[in-house]
Amino acid sequence: MSEIIIRNANTKDVKIIRNLIDNYAPDRRLLSKATVTLYEDVTDFMVIEFENKVIGAGAIHVLWEDLAEVRTLAILPEHKFKGFGSKLLESLMKRAKELGVSRIFCLTFETKFFSKHGFIEIEGAQVEPEIYQQLLESYDVGIAEFLDLDKVKPNTLGNTRMIKHLTK
């Protein structure tokens, strides 16, 4: 079997990440993002390589001292259901721990996949009122989704908000 490599993304990977998003955005499995945003957020991303080719990517984006979001987790369609997504998610969770995060959040249609990794469905804001007020000042759509704000509901299209508490 070929070696699997999971590494931090670099700017040369952005075209591949763009392609991954373009595979899943038409059926709204992933939200489309401007390419400039992908370059701006490249340090959030990790990629998975198989047979010397990047076949998937995902991001961990810090939202608060103890909270991060898993974003844009995708595997090329021909490599789905082979465990690559799980390996990549495990690496993203490890990275979140290294950053000092104790909870990770996602907005997903893939509830079975994330449940398999210990994520549970959430309701409400999940933060103290003082922090909630500070988070409201952010322009980040991920924070609005986490807080379940009405302004993002038209964009979520029925996605499920899920969270996982990381163990040290």
Side-chain angles (χ1 to χ4, degrees), residues 6-25 28-48 54 56-75 84-111 113-115 117-122 124-128 131-149 151-157 159-168:
I6 300 175
R7 61 172 174 77
N8 292 333
N10 60 54
T11 57
K12 290 178 179 29
D13 296 318
V14 170
K15 289 179 184 170
I16 297 162
I17 295 168
R18 163 90 278 140
N19 180 50
L20 283 163
I21 292 170
D22 291 345
N23 271 304
Y24 294 103
R28 301 184 187 246
R29 290 298 199 194
L30 287 178
L31 290 176
S32 189
K33 296 179 179 187
T35 303
V36 68
T37 302
L38 297 175
Y39 281 107
E40 290 170 347
D41 295 341
V42 73
T43 56
D44 289 353
F45 279 90
M46 297 182 85
V47 296
I48 184 167
V54 173
I60 193 80
H61 183 77
V62 175
L63 301 174
W64 197 252
E65 178 183 5
D66 66 338
L67 180 67
E69 180 183 6
V70 175
R71 293 183 172 176
T72 320
L73 180 62
I75 302 296
F84 295 117
S86 292
K87 289 182 185 312
L88 184 55
L89 179 57
E90 288 165 13
S91 292
L92 291 168
M93 290 188 293
K94 181 180 178 201
R95 186 170 180 187
K97 281 186 199 180
E98 290 168 354
L99 290 168
V101 171
S102 60
R103 300 179 299 162
I104 51 175
F105 149 80
C106 68
L107 186 68
T108 186
F109 286 108
E110 305 296 338
T111 55
F113 172 79
F114 282 97
S115 293
H117 293 281
F119 284 75
I120 58 170
E121 202 169 323
I122 59 172
Q126 301 286 310
V127 293
E128 297 77 26
I131 295 172
Y132 183 91
Q133 288 303 315
Q134 292 181 53
L135 290 173
L136 285 176
E137 296 177 23
S138 175
Y139 293 105
D140 190 293
V141 174
I143 288 179
E145 291 166 341
F146 177 72
L147 296 176
D148 201 28
L149 300 179
K151 69 180 182 181
V152 294
K153 294 211 188 280
N155 297 326
T156 60
L157 304 165
N159 294 6
T160 300
R161 294 180 321 129
M162 300 182 83
I163 197 164
K164 177 181 172 99
H165 295 266
L166 302 173
T167 56
K168 296 294 176 183

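Closest heavy-atom contact between Met93 and Leu166: O-CD1, 4.1 Å. Between Val101 and Ala68, the shortest heavy-atom distance links the atoms CG1-N, 3.6 Å. What you find for Ile17 and Ala9 is that their closest heavy atoms are CD1-CB, 4.3 Å. The nearest pair of heavy atoms linking Phe119 to Met162 is O-CE, 3.5 Å.
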Verdict with reasoning, Leu38 to Phe45, per side-chain contact (heavy atoms from CB on, under 4.5 Å):
CA-CA 9 Å; Leu38 297 175; Phe45 279 90; 4.1 Å; yes
Verdict with supporting geometry, Phe113 and Leu89, side-chain contact (heavy atoms from CB on, under 4.5 Å)
CA-CA 10 Å; Phe113 172 79; Leu89 179 57; 3.7 Å; yes
Between Leu92 and Leu73, does a side-chain contact (heavy atoms from CB on, under 4.5 Å) hold up when you go through it step by step?
CA-CA 10 Å; Leu92 291 168; Leu73 180 62; 4.1 Å; yes
Should Val70 and Ile60 be marked as a side-chain contact (heavy atoms from CB on, under 4.5 Å) after you check the CA-CA gap, both sets of side-chain angles, and the distance that decides it?
CA-CA 5 Å; Val70 175; Ile60 193 80; 4.0 Å; yes
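Residues forming a salt bridge (charged side-chain N to carboxylate O under 4.0 Å, His left out) with Glu110 (at least two apart in sequence, or on another chain): Arg29.
Summarising the local packing, CD of Glu98 is surrounded by more than 12 heavy atoms from other residues, nucleotides or ligands at distances under 6.0 Å. Around the NZ atom of Lys87, the shell of radius 6.0 Å holds no more than 12 heavy atoms that belong to other residues, nucleotides or ligands.
Thr111 is not listed as a side-chain neighbour of Glu121, based on a closest heavy-atom distance of 4.5 Å or more. Put simply, the side chain of Leu107 does not reach to within 4.5 Å of the side chain of Thr160, judged on heavy atoms.
Atom CG of Leu20 and atom CD1 of Ile75 lie 7.5 Å apart (nearest 0.5 Å). To the nearest 0.5 angstrom, Leu67 atom CG is 11.0 Å from Glu65 atom CD. Between the CD atom in Glu69 and the CD1 atom in Ile163 there is a gap of 11.0 Å [rounded to 0.5 Å]. If you take OG1 on Thr108 and CG on Leu30, they are separated by 8.5 Å, rounding to the nearest 0.5 Å. Ile120 contributes atom CD1, which lies 11.5 Å from atom CZ of Arg161 (distance to the nearest 0.5 angstrom). Summarising the geometry, atom NZ belonging to Lys164 is positioned 7.0 Å from atom CD1 belonging to Ile104; distances are rounded to the nearest 0.5 Å.
Applying the side-chain contact (heavy atoms from CB on, under 4.5 Å) test between Asp13 and each of Asn8, Val42, Val54 identifies Val54 as the sole match.
Side-chain N or O atoms of Tyr24 include none that pairs as donor or acceptor with a backbone N or O of Thr72 at under 3.5 Å. Listed for the Asn19 side chain is no donor-acceptor partner under 3.5 Å among the backbone atoms of Lys15. Listed for the Arg18 side chain is a donor-acceptor partner under 3.5 Å among the backbone atoms of Lys33.
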